[in-house]
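Within every chain, numbering begins at 1; the chains are lettered A, B, ... in the order of the sequence lines, protein sequences first and strands thereafter.
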There are 2 protein chains.
Amino acid sequence: MTQPRWLNSEEERLWLAFLRMRRAIDVAIDGQLAEAGLSPADYDVLAPLSQSGEALRVRDLAALIGWDRSRIAHQLRRMEQRGLVVRSGSTTDRRGTLVHLTDLGRTAITAAAPGHVETVRRVLFDQLDQQDLACLTSIAERVADAAGLTGISRTGGPARPGTAQVRPGRES
Amino acid sequence: MTQPRWLNSEEERLWLAFLRMRRAIDVAIDGQLAEAGLSPADYDVLAPLSQSGEALRVRDLAALIGWDRSRIAHQLRRMEQRGLVVRSGSTTDRRGTLVHLTDLGRTAITAAAPGHVETVRRVLFDQLDQQDLACLTSIAERVADAAGLTGISRTGGPARPGTAQVRPGRES
DNA sequence: CGAAAGTCGCTGACGTATCAGCAAACCTAT
DNA sequence: ATAGGTTTGCTGATACGTCAGCGACTTTCG
């Protein structure tokens, strides 16, 4: 790092536009979720819960959304206070804690999910043609991989039929 | 919003990659700043301060980085406690407050800036060829404009010669 | 002039994210 | 079986962002 290579005008233009795009997406998504009474963090927790059988170990839930134990413990405490989830001691491993969706929690995620996906689509995908999609996918995967970010597993395949469809999320 | 249009596999692939890219960039930038002892918020405040004459009105500083008054007031309080900035009553408008960079603050931003730009370049621009750059710029501007986000003014042109070069930032 | 309206910066409350650290439970190797 | 290390989940401290609201000041307009 002898001489800093400052950004040229094209690069600066991209950087600022990139930041604006991020912000626009966040504002749209967070605002839509707020209308549904959920924070982005709530959504990240509720989505995998609703897709799974009903209960998840805190450890697994955390791994699924790429959070550390502390963060999810705080979040679960607040969500439990609001009646969105409940915790119960695990069966086999007595260290473990199971997180269950309450009826209120299930109602909330089911109500919020369609608008959420719709918002993601409207703010991002509706602006992209097929070529944009390929280009952006290539760039995003390249940048993420080059940074060596351990790809958060997330749930992977399509949601099981019969469970609430709650794909996206934002994992803050 | 009759029937939610869920993401297809290509779209989901892009969305997840996009999230990973964002996260990778944040991790890289925040980590580099943390090594320099600054938070992203610190950087956003210090950068325009170091580029301006030396002092800015709180109002103008906030407008420059697109923050509301409350947020910047909290941030300035914390930064003043750490000795990065000082506040003084304004001259003409007695409602106003002037924010000054301290020597410590100037040292901090000057030390952090080269690594910051270097990090932005390494994590993003070094992964893009000329075509990627054009494509991503087009997409980002389109998405941001479509969302109708009031483009934060930011400082605009290149930094004045003679002042610390501290372009990027992330305005969280 | 003087009242109404607007601007400015600050504060307290609350939700959130990260860090360090803890206690209980578990696992492994002797 | 048991000592040492690991995993799990939690907590407290601190920093950050947003919201509602306040007091001081300035501007506007009758």
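- Atoms CZ (Arg57(A)) and C1' (dC10(D)) sit 14 Å apart, rounded to a whole Å.
- Interatomic distance, Ile109(B) CD1 to Asp42(B) CG, rounded to the nearest 0.5 Å: 9.0 Å.
- In this structure, Asp26(A) atom CG and dT18(D) atom P are separated by 11 Å, rounded to whole Å.
- When rounded to the nearest whole Å, the span between CD of Gln75(A) and C1' of dT18(C) equals 14 Å.
- Between Leu56(B) atom CG and dG9(C) atom C1' the separation is 15 Å, expressed in whole Å.
- There is a path of hydrophobic side-chain contacts, each under 4.5 Å, that joins Trp15(A) to Leu128(B).
- For Thr107(B), the side-chain contact (heavy atoms from CB on, under 4.5 Å) criterion is met by no residue, not counting sequence neighbours.
- In terms of position along DNA chain D, the nucleotide closest to Arg59(A) lies nearer the 5' end than the nucleotide closest to the other residue of the pair Arg59(A) and Asp93(B).
- Within the 4.0 Å cut-off from OP1 or OP2 of dC19(D), not a single side-chain nitrogen or oxygen of Arg71(B) is found.
- Side chain His74(A) to base dG9(D): no donor-acceptor pair is found below 3.5 Å.
- Across the interface with DNA chain C, nearest-nucleotide mapping of Arg78(A) and Arg87(B) shows Arg87(B) to be the residue nearer the 5′ end.
- Picking from dC10(D), dT18(D), dA17(C) the nucleotide with the shortest atom distance to the side chain of Trp67(A) gives dA17(C).
- Of all nucleotides listed (dA17(C), dC16(D), dT8(D)), dC16(D) comes nearest to the side chain of Ser39(B).
- Residue Glu118(B) holds its CD atom at 9.0 Å from CH2 of Trp6(A), rounded to the nearest 0.5 Å.
- Between Asp93(A) and Arg59(A) there is no salt bridge, since no side-chain nitrogen of the basic residue lies less than 4.0 Å from a carboxylate oxygen of the acidic one.
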What's touching nucleotides 21-24 of chain D from the protein side, N or O pairs under 3.5 Å?
none

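- For the pair Ala41(A) and Thr92(A), nearest-nucleotide mapping onto DNA chain C gives the more 5' position to Ala41(A).
- Put simply, CD on Gln81(A) is 14 Å from C1' on dT16(C), counting in whole angstrom units.
- Atom-to-atom, CG of Asp30(B) to P of dC16(D) comes out at 11 Å; the value is rounded to the nearest Å.
- What separates CZ of Arg77(B) from P of dC10(C) is a distance of 10 Å, to the nearest Å.
- Side chain to side chain, Arg78(B) and Gln75(B) meet the donor-acceptor criterion of an N or O pair below 3.5 Å.
- Rounded to a whole Å, the CG atom of Asp68(A) is 15 Å from the P atom of dT11(D).
- The listed nucleotides are dC10(C), dT18(D), dA17(C); the one nearest the side chain of Val58(B) is dC10(C).
- Ring geometry, His116(B) versus Tyr43(B): the interplanar angle falls from 30° to 60°, so the pair is classed tilted.
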